[in-house]
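Step one of this worksheet: look at the structure below.
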There are 2 protein chains.
Amino acid sequence: MSKLSRAVRDPVVEPPDRREQILDAATRLFAEHGFTDAATQGLADDLGVGKGTLYRYFPSKRELFLAAVDRVMRRLHERLEQATAGVEDPLERVSLGARAYLDFFREHPESVELLIQERAQFKDRERPTYFEHRERHVDRWREHYRKMIASGRMRDVPVERISDVFTAALYGSVFLHYFGGRSETFAADATDILDVLFHGVLSDSERVKRTSADGPGGT
Amino acid sequence: MSKLSRAVRDPVVEPPDRREQILDAATRLFAEHGFTDAATQGLADDLGVGKGTLYRYFPSKRELFLAAVDRVMRRLHERLEQATAGVEDPLERVSLGARAYLDFFREHPESVELLIQERAQFKDRERPTYFEHRERHVDRWREHYRKMIASGRMRDVPVERISDVFTAALYGSVFLHYFGGRSETFAADATDILDVLFHGVLSDSERVKRTSADGPGGT
DNA sequence: GCGGGCGGACTGACTGGTCAGTCCGTTTGC
DNA sequence: GCAAACGGACTGACCAGTCAGTCCGCCCGC
């Protein structure tokens with residue numbers, strides 16, 4: 001009886017769980033010590049399992065690491081999806097997306113570390129995980145820019161340029177903020193970044209609605 | 001006589017030369033293989049010297065690496081200085097600076113790699129080299145923004161926000177461009193980035209001079 | 001029911017290989 | 001001839017990955 005209910009509720013420790021547990025601990029450890037300095041023995045110790053067990057779930061340290069990075073990126077994009085779900089207005093969507101992007105990395109600084117580690121340690125990879133994921137989603141964002149240009153809400157600038165600069169600003173902000181340490185001071189707030197970016201991207205008519213510019217000037 | 005003049009001009013193979021040679025080779029090697037996978041033996045081989053010699057100039061692999069990073073950053077700032085030397089107009093200075101910044105990293109991709117490697121391998125460092133250098137120079141840039149705000153050429157936005165977003169966009173652009181591989185497509189061109197950034201930063205009056213915005217829109 | 005045995009999840013000591021850093025013999029320049 | 005500079009063999013630490021063995025839950029034959 002107790003045996004049966006146990007079998008249903010807590011069957012030994014079902015493998016999928018174990019895999020996730022390993023990924024959790026690995027993410028933490030890799031983020032804390034870096035790929036090279038994170039010893040698999042330490043990971044096993046953290047989990048309270050034998051080292052051999054790790055290799056039952058992942059063929060190598062490298063694959064384990066990459067699985068952790070991939071999971072992080074999947075979660076980022078899920079988060080973006082959630083944040084923008086049901087919102088129709090493209091401008092609103094972009095704002096929410098940017099905010100969610102920054103929030104995600106602020107809430108999960110270990111994700112930033114993992115991206116850095118991937119770039120640093122696996123130079124051989126044709127394309128880092130970050131880009132693989134970005135490429136799968138960037139088109140949707142560009143579509144929003146196109147719509148806004150069509151409706152006269154954005155200046156007619158190549159959408160690739162818009163998305164590239166947006167990405168660069170957000171990406172750069174995440175990294176600088178994460179690196180810089182002095183979290184409070186670096187512009188991590190989406191509002192600040194969007195303020196600057198939008199006023200380069202929005203059409204005049206859209207722009208005057210949200211800003212009070214001032215003074216004359218000349219070159 | 002020849003001894004004397006030689007002692008002054010070229011004492012033996014002056015250590016500074018040898019030191020620079022080592023740094024050159026180390027920069028190349030670290031950038032190519034990453035810190036961990038760059039073996040000091042390989043470096044010695046590249047240079048055609050014994051491994052012991054390296055340790056006559058640098059106390060450890062770590063110090064050697066950090067010296068290389070530091071040199072890179074010094075060179076970047078020299079380059080920025082040069083690029084803007086003699087130019088009075090603050091707007092012009094900022095443009096030239098941004099351009100020089102991107103050019104520098106495009107011409108020296110190994111510098112990007114070194115910055116990544118530093119962050120990845122030396123998590124213990126209070127502040128990465130990049131920031132140490134940035135902090136020594138950022139005030140000057142902010143001064144330009146202040147001037148432009150005062151003269152009505154920029155919107156009255158906190159200068160910290162301006163410099164943070166500018167830095168983020170440039171920094172992000174360098175990294176994305178470097179990572180992304182497909183160099184041609186990513187907006188690495190300063191003109192594109194500045195176009196977007198300036199129109200969020202410049203005052204209306206300054207803005208109308210350089211853009212033709214269009215169409216209406218509304219939220 | 002019940003015991004024997006089967007499968008497979010798990011363990012951790014061990015191996016093989018890698019390298020940073022050392023150290024002393026040698027060479028070079030004066 | 002004597003420093004100072006150099007070379008490169010050597011060592012000690014470290015660690016990913018392995019594998020022979022253990023342990024435990026379950027199933028099957030009685």
Side-chain angles (χ1 to χ4, degrees), chain A residues 1-23 25-26 29-30 32-68 117-118 120-122 124, chain B residues 1-23 25-26 29-30 32-68 117-118 120-122 124:
Chain A
M1 197 60 86
S2 81
K3 200 161 75 171
L4 184 64
S5 68
R6 195 175 178 286
V8 171
R9 286 209 320 271
D10 185 22
V12 183
V13 152
E14 61 255 59
D17 264 13
R18 184 47 72 86
R19 212 186 122 93
E20 288 296 301
Q21 281 169 13
I22 294 175
L23 283 175
L29 198 72
F30 284 135
E32 186 179 344
H33 299 292
F35 179 78
T36 312
D37 293 343
T40 52
Q41 185 59 62
L43 178 56
D45 294 349
D46 282 2
L47 284 160
V49 304
K51 193 151 66 121
T53 303
L54 304 180
Y55 284 89
R56 291 187 41 73
Y57 291 88
F58 299 93
S60 67
K61 187 186 182 184
R62 179 192 165 102
E63 291 305 319
L64 167 55
F65 175 83
L66 292 176
Q117 290 292 327
E118 186 197 3
Q121 307 291 342
F122 303 112
D124 48 317
Chain B
M1 195 62 83
S2 81
K3 197 162 74 172
L4 183 64
S5 67
R6 194 172 182 290
V8 170
R9 287 208 320 269
D10 183 25
V12 182
V13 153
E14 63 256 57
D17 262 11
R18 182 49 72 87
R19 215 186 119 93
E20 288 297 301
Q21 281 168 14
I22 293 175
L23 283 175
L29 200 71
F30 284 135
E32 186 179 344
H33 300 293
F35 179 79
T36 312
D37 293 343
T40 52
Q41 185 59 63
L43 179 57
D45 293 349
D46 281 3
L47 284 160
V49 304
K51 198 151 64 123
T53 303
L54 304 180
Y55 284 88
R56 291 187 42 73
Y57 290 88
F58 298 94
S60 67
K61 188 186 182 185
R62 179 191 165 102
E63 292 304 319
L64 167 56
F65 175 83
L66 292 176
Q117 290 292 328
E118 186 197 3
Q121 308 290 340
F122 303 111
D124 48 316

Checklist entry - Would you say the side chain of I22(A) lies within less than 4.5 Å of the side chain of V49(A), judging by non-hydrogen atoms? => result no
Show the atom names and distances, to 0.1 Å, of all donor-acceptor pairs under 3.5 Å that link a side chain in residues 38-47 of chain A to residues at least two apart or in another chain.
residue : atom : partner : partner atom : Å
Q41(A)  : NE2  : D45(A)  : OD1          : 3.0

Checklist entry - Under 4.0 Å: is that the gap between some side-chain N or O of R56(A) and OP1 or OP2 of dT11(C)? => result no
Checklist entry - What residue pairs, at least two apart or across chains, pass salt bridge (charged side-chain N to carboxylate O under 4.0 Å, His left out) with a residue in residues 56-67 of chain B? => result R62(B)-D124(B)
Next on the checklist: In whole Å, I'd like the distance from the NZ atom of K61(B) to the P atom of dA13(D).
Outcome noted: 19 Å
Checklist entry - Can you check the R18(B) CZ to dT28(C) P distance for me, whole Å? => result 13 Å
Checklist entry - Which ones in residues 34-46 of chain A lie close to DNA chain D, meaning a heavy atom under 4.0 Å from one of its atoms? => result A38(A), A39(A), T40(A)
Next on the checklist: Which residues pass the ring pair (Phe, Tyr, Trp, His ring centres under 6.0 Å) test with Y55(A), not counting sequence neighbours?
Outcome noted: none
Item to check | Distance below 4.0 Å between Y57(A) side-chain N/O and dA9(C) OP1 or OP2 | outcome: no
Checklist outcome for this item: CZ (R18(B)) and CG (L54(B)) are apart, to the nearest 0.5 Å, by 9.5 Å
Item to check | Nearest non-hydrogen partners of A26(A) and L64(A), listed with the distance | outcome: CB-CD1, 4.0 Å
Checklist entry - Starting at CG of L54(B) and ending at C1' of dC19(C), how long is that distance when rounded to a whole Å? => result 13 Å
Checklist entry - With sugar-phosphate meaning primed atoms plus P, OP1 and OP2, does K51(B) contact a base, only sugar-phosphate, or nothing at under 4.0 Å between heavy atoms? => result base
Item to check | N or O in side chain of Y55(B) less than 4.0 angstrom from dC6(D) OP1/OP2 | outcome: no
Item to check | d(CG, L47(A); C1', dT11(C)) in whole Å | outcome: 14 Å
Checklist entry - Between Q117(B) and F30(B), is there a donor-acceptor pair closer than 3.5 Å when you use the side chain of the first and the backbone of the second? => result no
Checklist entry - Which whole-number value in Å describes the distance from R19(A) CZ to dA9(C) C1'? => result 16 Å
Item to check | F65(B) and F58(B) aromatic centres sub-6.0 Å | outcome: no
Checklist outcome for this item: note: F65(A), atom CZ; dA16(D), atom P; distance rounded to Å ~ 14 Å
Checklist entry - When rounded to the nearest 0.5 angstrom, what is the spacing between CZ in F35(B) and CD in Q121(A)? => result 10.5 Å
Checklist entry - Within less than 4.0 Å of OP1 or OP2 of dA20(C), is there a side-chain N or O belonging to R62(B)? => result no
Next on the checklist: Expressed as a whole number of angstroms, how long is the span from L29(B):CG to dC19(C):P?
Outcome noted: 12 Å
Checklist outcome for this item: The bend of the helix from dG1(C)-dC30(D) to dC30(C)-dG1(D), taken between the axes of its five terminal pairs at each end and rounded to 10°, is 20°
